[in-house]
Number of protein chains: 2
Amino acid sequence: MAIPATDWNINEEIREIFATYLEKNKQRKTPERFAILEEIYKRDDHFDAETLYQHLKEKEYNVSRATVYNTLDLLESCELVTKHQFGNNATHQYEKAYRYKQHDHMICLNCGQVLEFCDPRIQQIQSKIGDLLNFEISHHSLVLYGICQKEHCPYMQNEQAKEINN
Amino acid sequence: MAIPATDWNINEEIREIFATYLEKNKQRKTPERFAILEEIYKRDDHFDAETLYQHLKEKEYNVSRATVYNTLDLLESCELVTKHQFGNNATHQYEKAYRYKQHDHMICLNCGQVLEFCDPRIQQIQSKIGDLLNFEISHHSLVLYGICQKEHCPYMQNEQAKEINN
DNA sequence: ATCGTTGCAAAGGTTTTGCAGTCCA
DNA sequence: TGGACTGCAAAACCTTTGCAACGAT
């Protein structure tokens, strides 16, 4: 039942970062905001706002959708959360960002699984194109779409894949 | 008043491709569909469905939004049009795809301008990661976000930029 | 006590859908 | 002619907003 020390420390660290951010920006430290932050860092996958809202509702905390969206914006601003736009559907995907090294995504059009990968060349491309076209590049989004060749990838397995496929 | 031969030929070619696609897929060759195709290939920029709908409405053709969306889907399927998701807003951007070499996009977060660029390394990344993670990659989306350093980039110049910025 | 934040529901913008009428094959 | 396509409007979807009540500072 003991919580691993590392988990605890990370949670403390994150709460601290968020608290400092809120103070600096003269925003209130409400319990709802910290509950949302905690729930996000408990999860390990990519998620959307509605899913997060449902998970919170099922548990202890009764927060409204408006608060979820508001808090996600705040967490994005202080870089504790990253917001993604995968596929062509309207729904945004989010993921925790703290201490996760920068990476890009590859998505299976059949089963909807999201894989993460790194390639240093993308940084090179970023600086080269920025210099070339006289841009100060702040960030990028690279998504590879394809079909995973593993046998455990049944066609149209889940809703997420359908949405990504449109 | 003479239409340049190349333009004419390209238009004929495109109509032919679309017609063949429609036949193969047992879809009807309606005037609306060809009017939409033609309007798209007259334009040189990125556009969204609503803009296209308005342009058609202002001109000869009275098509409905539903038909515009339906036709854009068809044109995407036969690869005459590419659909993009820039920024975090809900609106999709489209662009004509025939005979335009594959490229990626860089977007100014101030003025919303969209620049296109090519870098062969992205193809290399695509095949390397595909091999590595056992994926059959069909396409990718790379968008660089930044601030253009030119003097003619006033802050928050237009609506598009605001939307990209959220 | 103040004033930012919450919850709820209603509005917002983009895209899809249902249905009756139209028209291509 | 018949089934697919169109137009219209309504619905669906995700997200934001208005406002009264609440609560952190």
Side-chain angles (χ1 to χ4, degrees), chain A residues 15 18-37 46-54 56-57 60-77 81 83-94 159-160 162-166, chain B residues 15 18-37 46-54 56-57 60-77 81 83-94 159-160 162-166:
Chain A
R15 289 177 65 89
F18 194 29
T20 307
Y21 173 82
L22 291 173
E23 260 173 45
K24 269 194 188 159
N25 292 73
K26 296 185 181 61
Q27 305 252 13
R28 289 183 182 160
K29 297 172 215 159
T30 66
E32 289 86 353
R33 288 176 173 171
F34 284 97
I36 292 170
L37 175 64
H46 301 80
F47 58 89
D48 58 32
E50 182 63 23
T51 305
L52 182 60
Y53 168 69
Q54 294 298 340
L56 284 159
K57 209 172 160 188
E60 68 273 28
Y61 253 92
N62 226 8
V63 292
S64 72
R65 253 176 277 259
T67 305
V68 169
Y69 280 104
N70 165 34
T71 306
L72 281 171
D73 280 353
L74 291 172
L75 290 171
E76 203 196 347
S77 296
V81 157
K83 187 175 181 180
H84 296 289
Q85 183 85 58
F86 297 147
N88 275 326
N89 57 334
T91 320
H92 292 126
Q93 301 288 124
Y94 297 86
E159 295 306 310
Q160 206 184 355
K162 282 185 203 163
E163 282 169 20
I164 288 167
N165 274 315
N166 248 43
Chain B
R15 289 177 64 89
F18 194 29
T20 306
Y21 173 82
L22 290 174
E23 261 172 45
K24 271 192 188 159
N25 291 72
K26 297 187 180 60
Q27 304 252 13
R28 289 185 181 159
K29 296 169 217 160
T30 65
E32 288 86 353
R33 289 175 172 174
F34 285 97
I36 291 170
L37 175 64
H46 300 80
F47 58 91
D48 58 34
E50 181 64 21
T51 306
L52 182 59
Y53 167 69
Q54 294 297 341
L56 284 159
K57 208 172 161 189
E60 69 273 28
Y61 253 93
N62 227 10
V63 292
S64 72
R65 253 177 278 258
T67 304
V68 169
Y69 279 105
N70 166 34
T71 305
L72 282 171
D73 280 352
L74 291 171
L75 291 171
E76 202 195 348
S77 297
V81 156
K83 188 175 180 180
H84 297 289
Q85 184 85 59
F86 297 146
N88 276 327
N89 56 334
T91 321
H92 292 128
Q93 300 289 124
Y94 297 86
E159 294 308 307
Q160 205 184 354
K162 281 184 204 162
E163 282 169 18
I164 287 168
N165 273 315
N166 248 45

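Below, read A as the first sequence line, B as the second, and so on, with proteins coming before strands; counting in each chain starts at 1.
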S.K.: Is there side-chain contact between A:Val63 and A:Val68, with at least one heavy-atom pair below 4.5 Å?
M.R.: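 A:Val63 vs A:Val68: side chains touch.
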S.K.: Considering just the side-chain nitrogens and oxygens of B:Arg33, establish if one lies under 4.0 Å of OP1 or OP2 belonging to D:dT6.
M.R.: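 The answer is yes; a side-chain N or O of B:Arg33 sits under 4.0 Å from OP1 or OP2.
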S.K.: The side chain of B:Tyr69 lies closest to which of these nucleotides: C:dG4, D:dC8, C:dT15?
M.R.: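 So the side chain of B:Tyr69 is nearest to C:dT15.
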S.K.: Looking at CG of A:Leu74 and CG of A:Leu37, how far apart are the two atoms once the value is rounded to the nearest 0.5 Å?
M.R.: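 That separation rounds to 11.0 Å.
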S.K.: Kindly say if A:Thr30 contacts the phosphate of C:dT6, meaning a side-chain N or O under 4.0 Å from OP1 or OP2.
M.R.: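 Checking C:dT6 against A:Thr30, a side-chain N or O does come within under 4.0 Å of OP1 or OP2.
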S.K.: Going by modelled atom types, is there a donor-acceptor pair between the base of C:dC3 and the side chain of A:Arg28 at under 3.5 Å?
M.R.: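 Under the 3.5 Å cut-off, the side chain and the base do form a donor-acceptor pair.
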S.K.: Under 4.0 Å: is that the gap between some side-chain N or O of A:His92 and OP1 or OP2 of D:dT15?
M.R.: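 Yes, such a contact exists.
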S.K.: When the nearest nucleotide of DNA chain C is assigned to B:Pro31 and to B:Arg65 on a heavy-atom basis, which residue is associated with the more 5' position?
M.R.: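 This one resolves to B:Arg65.
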S.K.: Nearest whole angstrom, please: distance from the P of D:dT6 to the CG of B:Leu74.
M.R.: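 For the pair B:Leu74 CG and D:dT6 P, the rounded distance is 8 Å.
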S.K.: Could you state the atom-to-atom distance from CD of A:Glu23 to P of D:dA24 in whole Å?
M.R.: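 From A:Glu23 CD to D:dA24 P: 15 Å.
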S.K.: Between atom CG in A:Asp73 and atom C1' in D:dT15, what is the gap in whole Å?
M.R.: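 Value for this atom pair: 10 Å.
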S.K.: To the nearest Å, how far apart are A:Tyr53 OH and D:dC13 P?
M.R.: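 Between P of D:dC13 and OH of A:Tyr53: 16 Å.
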S.K.: Out of D:dT25, C:dT6, D:dC5, which has the shortest distance to the side chain of A:Thr67?
M.R.: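 My answer, after comparing the listed nucleotides, is C:dT6.
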S.K.: Whole-Å distance between C:dC3 P and A:Lys29 NZ?
M.R.: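 Nearest whole value for this atom pair: 19 Å.
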S.K.: How close or far is atom P of C:dT14 from atom CG of B:Asp48, stated in whole angstroms?
M.R.: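 Distance check: B:Asp48 CG to C:dT14 P gives 7 Å.
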S.K.: When you measure from the side chain of B:Thr91, which nucleotide among D:dC8, C:dT14, D:dT16 comes out closest?
M.R.: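 Selected nucleotide (nearest to the side chain): C:dT14.
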S.K.: What heavy-atom pair brings B:Leu56 and B:Ala35 nearest, and what distance separates the two atoms?
M.R.: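 In this case the closest contact between B:Leu56 and B:Ala35 is CD2-O, 4.0 Å.
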S.K.: Think A:Asn70 has a side-chain N or O under 4.0 angstrom from the OP1 or OP2 of C:dT6?
M.R.: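 Answer yes for this pair, as a side-chain N or O of A:Asn70 is under 4.0 Å from OP1 or OP2.
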S.K.: Could you tell me how the ring of B:His92 sits relative to the ring of B:Tyr94: parallel (under 30°), tilted (30 to 60°) or perpendicular (over 60°)?
M.R.: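 Correct class here is perpendicular.
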S.K.: Counting side-chain heavy atoms from CB outward, which of C:dT6, D:dT6, C:dA25 is closest to B:Glu32?
M.R.: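 Closest nucleotide among those given: D:dT6.
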S.K.: Provide, to the nearest angstrom, the distance between the CZ atom belonging to A:Phe47 and the P atom belonging to D:dC14.
M.R.: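 Those two atoms, CZ and P, are 16 Å apart.
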S.K.: Could you check how far CG of A:Leu72 sits from P of C:dT6, rounded to whole Å?
M.R.: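 Answer to the nearest Å: 12 Å.
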S.K.: Counting C-beta onward and ignoring hydrogens, is there a side-chain heavy-atom pair between A:Asn89 and B:Gln85 closer than 4.5 Å?
M.R.: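 No; the side chains remain at least 4.5 Å from each other.
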S.K.: Does OP1 or OP2 of D:dC14 have a side-chain N or O of A:Asn89 closer than 4.0 Å?
M.R.: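 The answer is no; no side-chain N or O of A:Asn89 sits under 4.0 Å from OP1 or OP2.
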S.K.: Using the closest heavy atom to pick a nucleotide of DNA chain D for each, name whichever of A:Gln27 or A:Ala49 lands nearer the 5' end.
M.R.: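 Per heavy-atom nearest nucleotide, the more 5' residue is A:Ala49.
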S.K.: So what does B:Ala66 touch, heavy atoms closer than 4.0 Å: a base, only the sugar-phosphate, or nothing?
M.R.: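 Base, at least one base heavy atom under 4.0 Å.
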S.K.: Measure from the side-chain heavy atoms of B:Val63 and tell me the nearest of D:dG7, D:dA24, C:dG7.
M.R.: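 In terms of side-chain proximity for B:Val63, the closest of D:dG7, D:dA24, C:dG7 is D:dG7.
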S.K.: Is the A:His46 ring parallel, tilted or perpendicular to the A:Phe86 ring (thresholds 30°, 60°)?
M.R.: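 Aromatic pair A:His46/A:Phe86 classed perpendicular.
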